[in-house]
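Numbers here simply count residues along the sequence, with the first being 1. Every value quoted in this text rests on a predicted model; they were computed, and no experiment measured them.
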Amino acid sequence: MANKDLIAYMDGKAVVDKEEIIALFSDNYEIPSYDKLAKSYIASKISQAFASVRDEKGRRVILAKRGKDGIQYVNIPACIDIVALKHIKKRILRDILGQRASLEKVEFRIDVLKTGLPDGDPTGHSGGEQSAAVYS
């Protein structure tokens, strides 16, 4: 299902529950085998376990890096691979920018509802675009 299909489906709906989305996707996707589902579940649990490893200040110690060979987990305090660390830094910055854009969109919507401002987005973007210069 393409983004435009999801946007069309959500048009005019303020909230859609998880079961409705599952039913929508179930009609459009092949259900994977038990083995694929089991492997995906185990991978998800591994990611959760690594994400929960924190130092004494509450900072994550192990971060994921997607590479040619799949996902690798990097122990930040022990890592000596500058390229891997820069890759992780770039991903974190992208995530932060995306979260900031989403926050702006939510804050704007709250302002519209509180003050009765005309509906629309004064920033001129849909919340996902960022300058390529930010990532360099």
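- Under the 4.5 Å side-chain criterion, counting only non-hydrogen atoms from C-beta, Asp81 is not in contact with Val74.
- From Lys114, atom NZ reaches atom CG of Asp111 across 7.0 Å, with rounding to the nearest 0.5 Å.
- Among all heavy-atom pairs drawn from Arg91 and Ala64, the shortest one is NH2-O, 2.7 Å.
- Residues Ile88 and Ile76 are in side-chain contact: their nearest non-hydrogen atoms beyond the backbone lie under 4.5 Å apart.
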**OP:** Please assess Arg109 against Val112 for the test side-chain contact (heavy atoms from CB on, under 4.5 Å), listing each intermediate value before the final yes or no.
**Re:** CA-CA 5 Å; Arg109 184 64 185 158; Val112 166; 3.6 Å; yes
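- For Lys13, there are no side-chain hydrogen bond (donor to acceptor under 3.5 Å, both in side chains) partners two or more places apart in sequence or in a different chain.
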**OP:** Report the C-alpha separation of Val61 and Phe50 in whole Å, then their side-chain angles, then the decisive distance to 0.1 Å, and conclude whether the side-chain contact (heavy atoms from CB on, under 4.5 Å) test is met.
**Re:** CA-CA 8 Å; Val61 174; Phe50 279 129; over 6 Å; no
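- In this structure, Arg94 contributes its side chain and Lys89 its backbone to no donor-acceptor pair below 3.5 Å.
- Annotation: the span from Gln99 atom CD to Leu97 atom CG amounts to 10.5 Å, rounded to 0.5 Å.
- Atom CD1 of residue Ile62 and atom OG of residue Ser47 lie 11.0 Å apart, to the nearest 0.5 angstrom.
- Residue Ile82 places its CD1 atom among 12 or fewer non-hydrogen atoms of other residues, nucleotides or ligands, all under 6.0 Å distant.
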For a quick test of your reading: what N or O donor-acceptor pairs under 3.5 Å do the side chains of residues 32-45 make, sequence neighbours left out?
| unit_1 | atom_1 | unit_2 | atom_2 | d |
| --- | --- | --- | --- | --- |
| Ser33 | OG | Lys36 | N | 3.2 |
| Lys45 | NZ | Gln48 | OE1 | 3.4 |

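- Note: Ile110 CD1 to Glu107 CD = 7.0 Å, rounded to the nearest 0.5 Å.
- Open room surrounds CZ on Arg66; 12 or fewer heavy atoms of other groups in view lie less than 6.0 Å from it.
- No side-chain heavy atom of Lys65 sits less than 4.5 Å from a side-chain heavy atom of Ile71.
- Counting heavy atoms from C-beta outward, Leu63 and Ile92 have side chains that approach closer than 4.5 Å.
- A donor-acceptor pair under 3.5 Å is formed between the side chain of Arg54 and the backbone N or O of Ala51.
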